[in-house]
S.K.: 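Quick one: the structure is below, and I'll ask about it shortly.
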Number of protein chains: 2
Amino acid sequence: MTSQRRVIVQVLADSDDHPAAEDVYRRASRIEGRISLATVYRTIRLLEEAGILEKHDFGDGRARYEEIKRTHHDHLIDVDTGEVIEFVNEEIESLQEAVARELGYRLTGHRHELYGTRIHKPEQD
Amino acid sequence: MTSQRRVIVQVLADSDDHPAAEDVYRRASRIEGRISLATVYRTIRLLEEAGILEKHDFGDGRARYEEIKRTHHDHLIDVDTGEVIEFVNEEIESLQEAVARELGYRLTGHRHELYGTRIHKPEQD
DNA sequence: GTAGGTGCAAAAGATTTGCTCTGGC
DNA sequence: GCCAGAGCAAATCTTTTGCACCTAC
C-alpha cells in the first residue's frame, strides 16, 4: 500500500461524479504531488479487476469510472450539459433478465444509458 | 459519388453483422483495391451524420457500425464468443421513456446492451 | 476546369508497457 | 535488503487530419 494508491482510492471514494482517468489524476495530484498518470491507469485497472470500480463509456471517447455502490443503477446523460443522472428501475432490470433467458443466455452484465434533453418547465425558472 | 464510396456503402448494406472500420476496410478492399482506411473512416462518418449508420461500442475499444434498419433493436453480446444478438422489447422501450419523463427529460436516444453467457442446453448438443 | 474526394503518412488522444529506480515492510 | 510499485518516456491502438494529387461531373 503506497501513498499513491491511497490517494487514488481516496479521490475515487470522495467523487460522486464519474471521473475519467485524467480527472482522477488531476484531483490526486492536488493532494499528492508525486504521482503519474501511468500509476493512475494502473491503479484504476487493479480496482476495476477487483470489482471495486465500474468502467463506463458515455460516448466521449474516454473511459469514466465510479465506485460500485451497494445499489445498482443506470445512467441518464443530459446531451446538452453532459450531466449524468443515476436512476434505478427494477422493472427494466427484471425484463432484461427475461429477455436474456428467452434467448438462452444467463446475464453477466449490462449497459444501459439514456440520452436526453431537459424538458423546459417554465414554473421552475 | 466515387467508386470508393459506392463500395463502402455496398459492403455495409451486405453486412448483417456489426463490423468495425477495419472490417469494412478489409471487405471493401477485396472488391476495390484502390481504397484506404482513411476513406473508410471519412465515409463512415458521413453516413453516420446522414443518419444512415449507427455507431456502437461493445466494449472492445473500437467502434462498430450497422445500417439503421426500419426496426429499432438492442443487443445482447455473448461474452464468450463475441457474438452479437439483436433483440426487441417494447416493454423496456416504453419504460425508458417513462423513466426519462419522470426525471424531467425527453429521450433523444439510448444505449442498451446485455452481456451474457450461453446457458448450456444438453439436448441441443 | 474545378471542387470535392482520395491516398499516404503523420498527428492526435487514450491507454499500456518496458525499464530503471525507489520506498514500504 | 527485496520486491512490488512508481515514474518517465516510448509504444500501441484507433481515429483524424494536412497536403498533394486525382477524378467525376
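Source: prediction; values computed, not measured. A note on names: the letters A, B, ... follow the listed sequences, proteins ahead of strands, and every chain is numbered from 1.
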S.K.: For the pair B:Gln4 (side chain) and B:Arg34 (backbone), establish whether a donor and an acceptor sit closer than 3.5 Å, ignoring hydrogens and angles.
M.R.: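 Yes, because the side chain of B:Gln4 sits within donor-acceptor range (under 3.5 Å) of the backbone of B:Arg34.
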S.K.: Take atom CG of B:Asp60 and atom C1' of D:dT14, then tell me their distance rounded to the nearest Å.
M.R.: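 Atom-to-atom, B:Asp60 to D:dT14, this comes out as 11 Å.
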S.K.: Can you find a side chain N or O atom of A:Thr39 that sits less than 4.0 Å from OP1 or OP2 on D:dG7?
M.R.: yes
S.K.: Is A:Ala20 touching bases, backbone alone, or none of the nucleic acid, heavy atoms closer than 4.0 Å?
M.R.: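 Nothing: the residue A:Ala20, judged by heavy atoms under 4.0 Å, touches no strand.
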S.K.: Assess the pair A:His75 and A:Phe87: is the distance between their ring centroids shorter than 6.0 Å?
M.R.: no
S.K.: For the pair made of CG in B:Asp23 and P in D:dT14, what is the distance, rounded to whole Å?
M.R.: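 Taking atom P of D:dT14 as the reference, CG of B:Asp23 is at 10 Å.
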S.K.: Does D:dA24 have its OP1 or OP2 closer than 4.0 Å to a side-chain nitrogen or oxygen of B:Arg5?
M.R.: no
S.K.: Should B:Thr2 be listed as having a side-chain N or O under 4.0 Å from OP1 or OP2 of D:dA24?
M.R.: no
S.K.: C:dT6, D:dT16, C:dA14: which one has an atom nearest the side-chain heavy atoms of B:Tyr41?
M.R.: D:dT16
S.K.: Please state how far atom CZ in A:Arg45 lies from atom P in D:dA6, giving the value in whole angstrom units.
M.R.: 14 Å
S.K.: Side chain of B:Leu37, heavy atoms from C-beta onward: which of C:dT15, D:dG5, D:dT15 has the nearest atom to it?
M.R.: D:dT15
S.K.: Rounding to an integer number of Å, can you tell me how far A:Ile44 CD1 sits from C:dT15 P?
M.R.: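 Interatomic distance, CD1 of A:Ile44 to P of C:dT15: 8 Å.
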S.K.: Quiz question: by atom type and distance under 3.5 Å, do the side chains of A:Gln96 and B:His112 form a donor-acceptor pair?
M.R.: yes
S.K.: For the side chain of A:Arg34 and the base of C:dG23, is some donor closer than 3.5 Å to an acceptor across the two?
M.R.: no
S.K.: Please report the distance, rounded to the nearest Å, between CG in B:Asp57 and C1' in C:dT15.
M.R.: 14 Å
S.K.: Indicate whether OP1 or OP2 belonging to D:dT23 is found under 4.0 Å from a side-chain N or O atom of B:Gln4.
M.R.: no
S.K.: Rounded to whole Å, please give me the gap between CD1 in A:Ile35 and P in D:dC8.
M.R.: 11 Å
S.K.: Would you say the side chain of B:Arg42 and the base of C:dG4 hold a donor-acceptor pair, judged only by whether the two atoms sit under 3.5 Å apart?
M.R.: no
S.K.: So does A:Asp57 pair up with B:Arg111, basic N to acidic O under 4.0 Å?
M.R.: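 A salt bridge is present here (some side-chain N lies under 4.0 Å from a carboxylate O).
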S.K.: Assign each of B:Arg62 and B:Met1 to its nearest nucleotide of DNA chain D by heavy atoms, then name whichever residue's nucleotide is nearer the 5' end.
M.R.: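 Upstream on the strand: B:Arg62.
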S.K.: Roughly how many Å is it from CD in A:Glu32 to P in D:dA6, rounded to a whole number?
M.R.: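 So the CD-P distance, A:Glu32 to D:dA6, works out to 10 Å.
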S.K.: In this structure, is the centre-to-centre distance between the rings of B:His18 and B:Tyr65 below 6.0 Å?
M.R.: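 No: the rings miss the under 6.0 Å criterion.
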S.K.: Output the rounded distance in Å from CG (B:Leu46) to P (C:dG4).
M.R.: 13 Å
